[in-house]
> 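Have a look at this one.
Note that this is a predicted model, so its numbers are computed, not measured. By convention here, the first residue in the shown sequence is residue 1.
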Amino acid sequence: MSLDKILAISGKPGLYELKTQTRSGFLAESLIDGKRLSVSIRHNVSILSEIAIYTFAEEVPLREIFQKIYDKEEGGQAINHKESKNKLESYFSEILPDYDEDRVYASDMKKVIQWYNILQSKGMTDFSEPETDKALQEEE
């Protein structure tokens, strides 16, 4: 499953899978407990495929960061997202050495690591670039 269907909903823990669209928003299912949730268009929702992390040179898509964690951990779980700020920063420096310390906060690192661990526990570890994106880039 691609990150295009995985959502982070502000004020709600964990990640959600987009199930279907409704008249007033959409229906999502929690990846943690499987509960379904009706989300209105007024909620602040982020699609994981649209999120990127700042580096000094560019913004790196979350998909690439998840792939780096996956490679580092050889497909296993990352560190616990509740580790100390220093441990999180050290771990993140190994994954993305040139991340912008002024614009990437410990709370961002916690989310990225927590999200990776949720996806990994559900076996959603195909972080490769979607085929449509590859085709569009080749045309440019």
Side-chain angles (χ1 to χ4, degrees):
M1 173 180 303
S2 78
L3 296 182
D4 291 335
K5 299 263 187 201
I6 306 298
L7 313 169
I9 303 171
S10 182
K12 305 282 184 195
L15 294 173
Y16 294 81
E17 179 183 352
L18 176 63
K19 287 297 185 183
T20 186
Q21 196 165 354
T22 64
R23 274 182 264 164
S24 61
F26 54 89
L27 189 66
E29 183 178 299
S30 172
L31 292 181
I32 295 175
D33 59 15
K35 290 183 180 175
R36 290 190 175 219
L37 173 71
S38 180
V39 182
S40 76
I41 54 176
R42 290 190 298 261
H43 279 89
N44 187 6
V45 176
S46 301
I47 301 169
L48 263 53
S49 63
E50 300 292 319
I51 298 174
I53 299 294
Y54 295 111
T55 66
F56 292 115
E58 61 185 342
E59 292 181 21
V60 178
L62 197 55
R63 170 185 53 72
E64 289 180 24
I65 294 171
F66 286 160
Q67 186 64 53
K68 289 177 187 220
I69 296 172
Y70 182 83
D71 294 343
K72 176 182 174 13
E73 300 299 338
E74 297 177 354
Q77 288 272 300
I79 64 170
N80 191 316
H81 67 280
K82 294 181 180 177
E83 291 286 353
S84 70
K85 179 183 176 197
N86 290 339
K87 280 189 179 178
L88 290 171
E89 288 174 348
S90 172
Y91 186 83
F92 223 74
S93 291
E94 292 177 37
I95 298 162
L96 197 63
D98 61 339
Y99 80 92
D100 188 341
E101 296 96 353
D102 294 331
R103 300 192 324 182
V104 180
Y105 304 106
S107 60
D108 299 326
M109 295 175 205
K110 282 183 181 189
K111 284 181 192 173
V112 169
I113 292 168
Q114 180 185 27
W115 292 345
Y116 170 81
N117 284 335
I118 290 170
L119 292 171
Q120 191 277 338
S121 71
K122 296 295 179 184
M124 298 178 179
T125 55
D126 180 12
F127 304 120
S128 60
E129 199 168 335
E131 293 301 318
T132 55
D133 289 352
K134 286 181 186 173
L136 288 173
Q137 286 179 353
E138 289 172 5
E139 288 177 10
E140 291 177 356

> Could you measure the distance from the OG atom of S93 to the CE atom of M109? Nearest 0.5 Å is fine.
7.0 Å
> In Å, rounded to the nearest 0.5 Å, how long is the span from CG of L96 to CD1 of I53?
8.0 Å
> Quick one: CG on D102 to OH on Y54, what's the gap to the nearest 0.5 Å?
12.5 Å
> Going by heavy atoms in the side chains, are F66 and R63 under 4.5 Å from each other?
no
> Does a side-chain heavy-atom distance below 4.5 Å link F56 with E101?
yes
> Answer yes if Y16 and Y116 sit in the same cluster of Ile, Leu, Val, Met, Phe, Trp and Tyr residues linked by side chain heavy atoms under 4.5 Å apart, and no otherwise.
no
> For R103 and D108, work out which heavy atoms get closest and say how close.
O-OD2, 3.9 Å
> Using a 3.5 Å distance criterion without hydrogens, assess whether the side chain of Q120 forms a donor-acceptor pair with backbone atoms of T125.
no
> What is the distance from atom CD1 of I32 to atom CD1 of I118, rounded to the nearest 0.5 Å?
4.0 Å
> Begin from the C-alpha positions of Q67 and Y70 and carry the test side-chain contact (heavy atoms from CB on, under 4.5 Å) through to its verdict.
CA-CA 5 Å; Q67 186 64 53; Y70 182 83; 3.6 Å; yes
> Nearest 0.5 Å, what's the NZ-OH distance between K85 and Y105?
10.5 Å
> Considering all heavy atoms of both residues, which atom of N117 and which atom of A78 are nearest to each other, and what is their separation?
OD1-N, 2.7 Å
> Flag yes if I79 and I95 sit in one hydrophobic cluster, no otherwise; membership is Ile, Leu, Val, Met, Phe, Trp, Tyr, and two members link when side-chain heavy atoms are under 4.5 Å apart.
yes
> Same hydrophobic cluster for L3 and V39, using side-chain heavy-atom links shorter than 4.5 Å among ILVMFWY?
no
> On a heavy-atom basis, which atom in E83 and which in K110 lie closest, and how many Å separate them?
O-CE, 4.5 Å
> If we only count heavy atoms from C-beta on, is the I69 to Y91 side-chain gap below 4.5 Å?
yes
> Is I51 linked to V112 within one hydrophobic cluster, defined over Ile, Leu, Val, Met, Phe, Trp and Tyr using a side-chain heavy-atom separation of less than 4.5 Å?
yes
> Is any side-chain heavy atom of W115 closer than 4.5 Å to a side-chain heavy atom of I6?
no
> Counting C-beta onward and ignoring hydrogens, is there a side-chain heavy-atom pair between L48 and L119 closer than 4.5 Å?
yes
> Determine whether a donor-acceptor pair (N or O, by modelled atom type, separation under 3.5 Å) exists between the side chain of K122 and the backbone of L31.
yes
> Report yes if some heavy atom in the side chain of F26 is under 4.5 Å from a heavy atom in the side chain of L7; otherwise report no.
yes
> Got a salt bridge between K68 and E64, using NZ or NE/NH1/NH2 to carboxylate O under 4.0 Å?
no
> Minimum heavy-atom separation for I41 and G25, please, with both atom names.
CG2-CA, 3.8 Å
> Would you say the side chain of L18 lies within less than 4.5 Å of the side chain of I47, judging by non-hydrogen atoms?
no
> For atom CD of Q21, is the number of surrounding heavy atoms from other residues, nucleotides or ligands below 6.0 Å larger than 12?
no
> When you compare the side chain of I65 with that of Y99, does any pair of heavy atoms fall below 4.5 Å?
no
> So how far is it from D100 CG to E59 CD, rounded to the nearest 0.5 Å?
10.5 Å
